[in-house]
Amino acid sequence: MKELPKAYSSQEYEDFIYQTWETLGLFTPEVNTGKKPFSISMPPPNATGTLHLGHATMLAIEDIMIRYKRMCGYSVLWLPGTDHASIATQNKVEKIIAEEGLTRHDLGRKKFLDRVHKFVADSQSIIRNQVRKMGASCDWSRERYTLDEGLSEAVTEAFIKMYHDGVIYRGNRIVNWCPRCSSTLADDEVEYREEKAKFYYFKYGPVIIGTARPETKFLDKIIVVHPDDKRYKKYIGKEMEVEWIEGNITAKFIADNAADPEFGSGAMTITPAHSFVDFEIAKKHKLEIVQIIDEKGNLTSSAGEFAGKNAYEAREAIVEKLRKKGLVEKIDENYIHKLSVCYRCGSTIEPLVSKQWFIDVNKKVINEGKSKKSIKEKAVSVVKNGEIEIIPKRFNKTYFHWMENLRDWCISRQIWFGHRIPVYYCEKDNNGCGEIIISKDAPKKCPKCGNVKLKQDPDTLDTWFSSGLWTFSTLGWPEKTDELKHFHPTSVMETGYDILFFWVARMIIMSTYHLNEIPFKTVYLHGLVRDKQGRKMSKSLGNGIDPLDMISKYGADAVRLSLIVGATPGNDIRLYEEKIAGFRNFVNKIWNASRFALMNLNEEDLKAEIDLKNLNSADKWILTRTQNLIKKITKDMETHKYSEAGNILYDFIWLEFCDWYLEMSKVKLNPGVLIYVLKTILKLLHPFIPFVTEVLWKNTGSKNMLIIEDWPEFKKEYIFRNEEKKINIIMDIITAIRSIRAEYKVDPTRKIEAVIYSEEHLEVLHEKKEILEKMAGLKDIQIQNKGKPISKSASKVIQGVEIFLPLDALIDLEKEKERLYKEIKSEEEIISFLEKKLDNQGFVRNAPKDVVKREMEKLEISLINLKKLEQKLKGL
RNA sequence: GGAGUCUUAGCUCAGUUGGUAGAGCGUUCGCUUGACGUGCGAAAGGCCACUGGUUCGAAUCCAGUAGGCUCCACCA
């Protein structure tokens with residue numbers, strides 16, 4: 001009765017629908033209702049910018065999970081938020097103020113941070129809007145930000161607890177230092193870039209040593225060789241005078257497996273302060289560690305006449321000096337090595353020794369029964385024993401490898417933006433005693449000496465320290481809130497595989513340590529979004545797609561589908577505009593299918609129930625197909641096969657519901673069945689395309705909004721296997737007739753006569769006579785159990801059903817003969833294949849019985865088809 | 001150096017307990033068929049990368065080869 005517009009225009013509805021859901025509080029769960037909990041912590045987008053396709057993918061997948069579970073009756077929490085992303089955000093703001101000719105030092109800590117906070121606030125409101133545009137049904141009333149008061153408290157609490165447990169310690173260790181950012185970086189924040197460089201060989205006493213970095217070599221006086229290296233065995237343990245950059249020094253030979261006899265000369269000198277490997281060797285052999293390069297990347301006073309110069313710039317001058325001394329053996333110009341660079345700014349990393357805060361990953365601190373496990377062991381075991389499931393499974397291996405090789409985690413950063421380290425020093429310079437005070441709030445005086453001049457540690461914490469707490473800090477920890485009890489561990493962590501280490505691993509560490517509880521039960525990793533050629537989307541390539549553009553052009557529903565269908569966990573997905581347009585068409589198809597249904601149903605019909613006694617075979621067919629669909633989609637949802645589910649729904653709606661059932665309904669319409677199937681489809685689709693389904697749902701006269709409707713239930717009483725088969729035969733017959741018509745170029749408007757013989761399917765053929773006429777363009781169909789072949793006709797045999805189309809003038813006998821020959825040949829091929837198979841005793845013996853039976857049935861039908869085709873050929 | 005992953009129609013991809021292959025886009029032909037031209041109908045197009053093995057039977061499982069992509073480690 002209702003008439004909807006001809007095309008669905010997403011722009012007209014989306015914002016309004018979202019607003020309605022939100023203002024009605026439908027995203028906000030009740031906490032203690034006895035309902036089973038389902039929760040997801042939204043991976044916080046960085047507070048630096050705008051939504052990109054990675055976020056859009058994350059939002060689409062998580063919203064599907066959330067909406068599905070909500071419809072299944074769970075108490076569902078999807079908690080949104082943003083991450084302060086210390087280094088990234090600080091860099092961004094530094095770039096902005098650089099355009100004003102300012103540095104952060106010009107502004108000072110406080111003013112600079114004011115700028116950062118303002119910038120963050122702006123980005124956050126942009127992000128919030130974008131998340132809404134995607135249709136994400138997250139609980140905004142519980143939105144969090146990693147620098148919120150509550151979360152900051154959690155960070156401080158976590159730090160203090162770990163400090164008192166001895167898990168956090170302060171020490172001089174070699175770290176990755178970015179001279180540009182003036183900060184340390186964690187091991188996994190370092191990237192490698194291949195670069196061609198010079199490799200220098202120098203004479204060093206009796207040996208030749210090789211190096212790519214001559215500028216670090218000033219104080220090298222330890223020569224390391226492999227213990228089994230015959231060339232150098234005689235020197236091991238010996239000391240000798242050698243001439244070097246700044247005159248003679250005393251060098252000593254030591255043996256260590258770290259020296260590779262195959263590489264270079266097999267002998268190396270070491271620079272413990274600026275190389276991870278060398279540092280380890282030095283610690284092992286208790287060697288002196290002296291800094292050569294400072295925090296700005298300049299040479300220290302240890303470099304003699306080169307002191308104060310930039311290390312890289314000084315390199316050639318140093319080599320020149322060695323050359324003058326005749327110490328340069330040779331220089332290899334084509335040395336390819338991998339340069340370590342900062343993942344945020346791309347500057348070359350300078351490994352150096354520095355006093356930093358670390359998390360000890362090997363200390364046994366987590367109680368497990370009577371024994372204790374280290375952070376690292378615990379994080380490995382919760383995945384190994386299946387408490388946490390990673391999807392896809394193959395990432396387990398990567399996870400274990402990473403975790404097992406984890407070194408102590410450096411958590412201090414020399415960045416202003418972030419959580420301050422809750423440590424205060426009683427400064428010796430200010431008449432203090434040097435006491436280190438760990439405290440939640442700034443202490444007034446030193447508890448040991450009473451000095452009031454205290455200074456807080458200037459550093460901030462690694463941004464992943466706070467994100468590691470995300471699953472529980474957002475639920476109120478360290479308070480024991482109802483939310484924490486109800487929703488933690490969270491159900492699913494869904495994120496890109498690129499941050500498995502950065503973030504997922506850290507959350508596992510933090511949660512198992514602080515709560516002795518896993519942070520989530522399932523980790524679902526999605527892939528990266530690429531362009532049609534499989535390239536990464538980037539600004540420089542100009543191949544990026546802005547999700548918001550696509551939403552305004554094609555609608556959020558189409559964008560969501562295009563990110564879901566074809567995407568399997570852990571695999572990258574390609575996205576391009578034609579694909580989105582295709583799904584826009586699908587959304588419009590659903591719109592029009594509903595439009596048709598609603599045009600043909602009045603108010604009464606909308607409330608109609610299915611009357612099992614009043615169903616024709618087409619109704620039974622669609623009901624059966626719908627039950628199949630419910631079963632299949634539900635299973636796919638439970639097993640996270642969203643792409644598969646999307647595909648199945650697409651095919652069902654377009655190919656079965658629209659192309660066949662609705663067309664059949666034009667002959668005879670059953671309101672109860674139609675409204676049931678339509679409503680079921682809308683429900684099944686809702687998690688995928690929430691907007692259009694909600695708009696349509698409203699038009700079906702339902703009381704509740706679709707978002708909180710119950711997920712469809714599989715009903716055995718709606719399964720009719722016989723009718724399912726019968727209608728399939730009707731469909732095959734119609735398709736066959738259409739095919740012949742196209743082949744003979746019969747005018748589409750012309751109704752033609754037909755003669756059909758079938759013993760087995762006589763009943764359904766009579767019942768569906770009108771449908772056959774309408775859908776195949778027929779008139780005056782003669783249906784008989786058997787009869788003579790009609791000469792001068794085009795014919796076809798489908799499942800033993802003989803079809804004759806007496807087309808008189810249009811029939812070219814030769815052509816028809818040829819057509820029949822072709823069909824006979826293909827039928828014979830099938831028969832010979834099947835006979836061969838069934839003659840094979842191995843097959844009959846070993847194959848499952850139903851497979852053998854199916855093949856026998858196929859053979860039987862083909863034999864009948866062949867016989868009838870041959871008869872027809874004779875009758876021509 | 002180690003690991004993972006992919007290779008199916010011109011393009012992008014499905015194909016889960018192994019039973020001689022499917023979709024969308026594109027192409028060709030036709031169509032105002034009582035919702036939809038963002039549509040309808042029909043069709044063309046594939047030794048499922050290569051070589052072996054397991055099996056009655058392999059696109060599907062195993063091994064190897066070639067090519068693409070990704071991650072990890074890192075060498076003075």
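Naming convention: chains lettered A, B, ... in sequence-line order (proteins, then strands); numbering from 1 in each chain. The figures that follow rest on heavy atoms only: side chains count, while hydrogens, waters and symmetry mates do not.
Comparing the C1' positions of B:rC48 and B:rA58 gives an interatomic distance of 11 Å, to the nearest angstrom. Separation of the P atoms belonging to B:rC47 and B:rC6 is 22 Å when rounded to the nearest angstrom. When the P atom is compared between B:rU16 and B:rG53, the two are found 25 Å apart, to the nearest whole Å. Taking the C1' atom of each, B:rG45 and B:rU8 are spaced 13 Å apart, rounded to whole Å. Rounded to the nearest Å, the gap between the P atom of B:rC72 and that of B:rA9 is 32 Å. For B:rG37 and B:rU32, the P atoms lie 14 Å apart once the distance is rounded to whole Å. Spacing of P atoms, B:rU12 relative to B:rU17, comes out at 27 Å, to the nearest Å. When the C1' atom is used for both B:rG39 and B:rU33, the distance is 12 Å, rounded to whole Å.
To the nearest angstrom, P of B:rC31 lies 16 Å from CZ of A:Arg750. Look at CG on A:Leu525: it is 17 Å from P on B:rG4, rounded to the nearest Å. Taking atom CZ of residue A:Phe583 and atom C1' of nucleotide B:rG24, one finds them 8 Å apart after rounding to whole Å. Atom pair A:Glu280:CD and B:rC74:P shows a separation of 11 Å (rounding to whole Å applied).
Looking at A:Lys330, A:Arg315, A:Lys217 one by one, the single match for side chain to side chain contact (heavy atoms under 4.5 Å, CB included) with A:Tyr200 turns out to be A:Arg315.
OP1 or OP2 of B:rG24 has not a single side-chain nitrogen or oxygen of A:Tyr650 nearer than 4.0 Å. Contact annotation: A:Arg574 reaches the phosphate of B:rU12 (side-chain N/O to OP1 or OP2, under 4.0 Å). At B:rA14, none of the side-chain N or O atoms of A:Ser643 fall inside 4.0 Å of OP1 or OP2 (strictly under the cut-off). Listed pair A:Lys397 / B:rG4 meets the phosphate criterion, a side-chain N or O lying under 4.0 Å from OP1 or OP2.
With respect to A:Lys632 and A:Glu644, a salt bridge is recorded, a charged nitrogen being found less than 4.0 Å from a carboxylate O. Under the 4.0 Å criterion applied to side-chain N and carboxylate O atoms, A:Lys822 and A:Glu818 are not assigned as salt-bridge partners.
Picking from B:rG19, B:rA42, B:rU70 the nucleotide with the shortest atom distance to the side chain of A:Arg530 gives B:rU70. Considering only the side chain of A:Arg394, B:rU5 comes nearest among B:rA14, B:rG19, B:rU5. Listed candidates were B:rG24, B:rA73, B:rU20. Nearest to the side chain of A:Tyr576 is B:rG24. Checked against B:rC56, B:rC75, B:rG19, the side chain of A:Glu855 finds its nearest nucleotide in B:rG19.
As judged by a 4.0 angstrom heavy-atom cut-off over every strand, A:Ser340 is placed among residues making no nucleic acid contact. Counting non-hydrogen atoms under 4.0 angstrom, A:Gly646 reaches nothing in the nucleic acid. Across all strands, A:Val277 comes closer than 4.0 Å only to sugar-phosphate atoms, never to a base (heavy-atom distances). In this structure, A:Lys532 reaches the sugar-phosphate backbone alone: every heavy-atom distance under 4.0 Å involves primed, P, OP1 or OP2 atoms, never a base. If you check every strand for non-hydrogen atoms under 4.0 Å, A:Asp260 touches a base. When heavy atoms are screened at a 4.0 angstrom cut-off, A:Lys751 is found touching no nucleic acid atom at all. Among the heavy atoms of the strands lying under 4.0 Å from A:Thr735 are primed sugar atoms or P, OP1, OP2 only; no base atom is included.
Around the CD atom of A:Glu857, the shell of radius 6.0 Å holds more than 12 heavy atoms that belong to other residues, nucleotides or ligands. With a 6.0 Å radius and a threshold of 12 heavy atoms from other residues, nucleotides or ligands, A:Lys536 has its NZ atom at or below the threshold.
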Could you spell out the base pairing of RNA chain B as a dot-bracket line? Use Watson-Crick and G-U wobble contacts where both distances are under 3.5 Å, [ ] for crossing pairs, | for partners on a different strand. (((((((..((((.....[..)))).(((((.......))))).....(((((..]....))))))))))))....

Distance-only check: which donor-acceptor pairs under 3.5 Å involve side-chain atoms of residues 562-575 of chain A, not counting sequence neighbours?
unit_1: A:Ser562; atom_1: OG; unit_2: A:Ala558; atom_2: O; d: 3.3
unit_1: A:Ser562; atom_1: OG; unit_2: A:Val559; atom_2: O; d: 2.8
unit_1: A:Thr568; atom_1: OG1; unit_2: A:Asn571; atom_2: ND2; d: 3.0
unit_1: A:Asn571; atom_1: OD1; unit_2: A:Arg394; atom_2: NH2; d: 3.0
unit_1: A:Asp572; atom_1: OD1; unit_2: A:Tyr497; atom_2: OH; d: 2.9
unit_1: A:Asp572; atom_1: OD1; unit_2: A:Leu528; atom_2: N; d: 2.9
unit_1: A:Asp572; atom_1: OD2; unit_2: A:Tyr497; atom_2: OH; d: 3.4
unit_1: A:Asp572; atom_1: OD2; unit_2: A:Arg530; atom_2: NE; d: 2.6
unit_1: A:Asp572; atom_1: OD2; unit_2: A:Arg530; atom_2: NH2; d: 3.1
unit_1: A:Arg574; atom_1: NH1; unit_2: A:Lys532; atom_2: O; d: 3.2

Between side-chain atoms of residues 730-739 of chain A and protein atoms elsewhere (two or more places apart, or another chain), which donor-acceptor pairs fall under 3.5 Å?
unit_1: A:Thr735; atom_1: OG1; unit_2: A:Met731; atom_2: O; d: 2.9
unit_1: A:Arg738; atom_1: NE; unit_2: A:Met775; atom_2: O; d: 3.1
unit_1: A:Arg738; atom_1: NH2; unit_2: A:Met775; atom_2: O; d: 3.3

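Relative ring orientation between A:Phe501 and A:Trp402 is described as parallel, the plane-to-plane angle staying below 30° on a 0-90° scale split at 30° and 60°. Aromatic ring orientation, A:Phe652 versus A:Phe657: parallel (interplanar angle below 30°, classes split at 30° and 60°).
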Close N/O contacts between protein and nucleotides 33-40 of chain B (under 3.5 Å):
unit_1: B:rG34; atom_1: N7; unit_2: A:Lys774; atom_2: NZ; d: 2.9
unit_1: B:rA35; atom_1: O3'; unit_2: A:Arg595; atom_2: NH1; d: 2.9
unit_1: B:rA35; atom_1: O2'; unit_2: A:Asn592; atom_2: OD1; d: 2.5
unit_1: B:rA35; atom_1: O2'; unit_2: A:Arg595; atom_2: NH1; d: 2.6
unit_1: B:rA35; atom_1: N7; unit_2: A:Lys666; atom_2: NZ; d: 3.2
unit_1: B:rA35; atom_1: N6; unit_2: A:Glu663; atom_2: OE2; d: 2.8
unit_1: B:rA35; atom_1: N3; unit_2: A:Asn592; atom_2: O; d: 3.1
unit_1: B:rC36; atom_1: O4'; unit_2: A:Asn592; atom_2: OD1; d: 2.9
unit_1: B:rC36; atom_1: O4'; unit_2: A:Asn592; atom_2: ND2; d: 3.4
unit_1: B:rC36; atom_1: O2; unit_2: A:Lys589; atom_2: NZ; d: 2.9
unit_1: B:rC36; atom_1: N3; unit_2: A:Lys589; atom_2: NZ; d: 2.8
unit_1: B:rU38; atom_1: O4'; unit_2: A:Asn585; atom_2: OD1; d: 2.9
unit_1: B:rU38; atom_1: O2'; unit_2: A:Asn588; atom_2: ND2; d: 3.1
unit_1: B:rU38; atom_1: O2; unit_2: A:Arg584; atom_2: NE; d: 3.1
unit_1: B:rG39; atom_1: OP1; unit_2: A:Asn585; atom_2: ND2; d: 3.2
unit_1: B:rG39; atom_1: O3'; unit_2: A:Lys589; atom_2: NZ; d: 3.1
unit_1: B:rC40; atom_1: OP1; unit_2: A:Lys589; atom_2: NZ; d: 2.8
unit_1: B:rC40; atom_1: OP1; unit_2: A:Trp654; atom_2: NE1; d: 2.5

Pick out the pairs of N or O atoms, protein on one side and nucleotides 6-8 of chain B on the other, that lie under 3.5 Å.
none

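Minimum heavy-atom separation, A:Lys221 to A:Tyr204: CA-OH, 3.3 Å.
For the ring pair (Phe, Tyr, Trp, His ring centres under 6.0 Å) test, residues two or more places apart in sequence or in another chain that qualify with A:Phe691 are A:Trp21.
The residue among A:Arg407 and A:Lys837 whose nearest nucleotide of RNA chain B lies closer to the 5′ end is A:Lys837. In this structure, A:Lys858 and A:Lys641 both approach RNA chain B, and ranking their closest nucleotides by distance from the 5' end singles out A:Lys641.
Counting heavy atoms from C-beta on, the side chains of A:Ser594 and A:Leu678 come closer than 4.5 Å.
Under the 6.0 Å distance and 45° angle rule, A:Lys589 does not count as a cation-pi partner of A:Tyr650.
A donor-acceptor contact closer than 3.5 angstrom is absent between the side chains of A:Tyr399 and A:His401.
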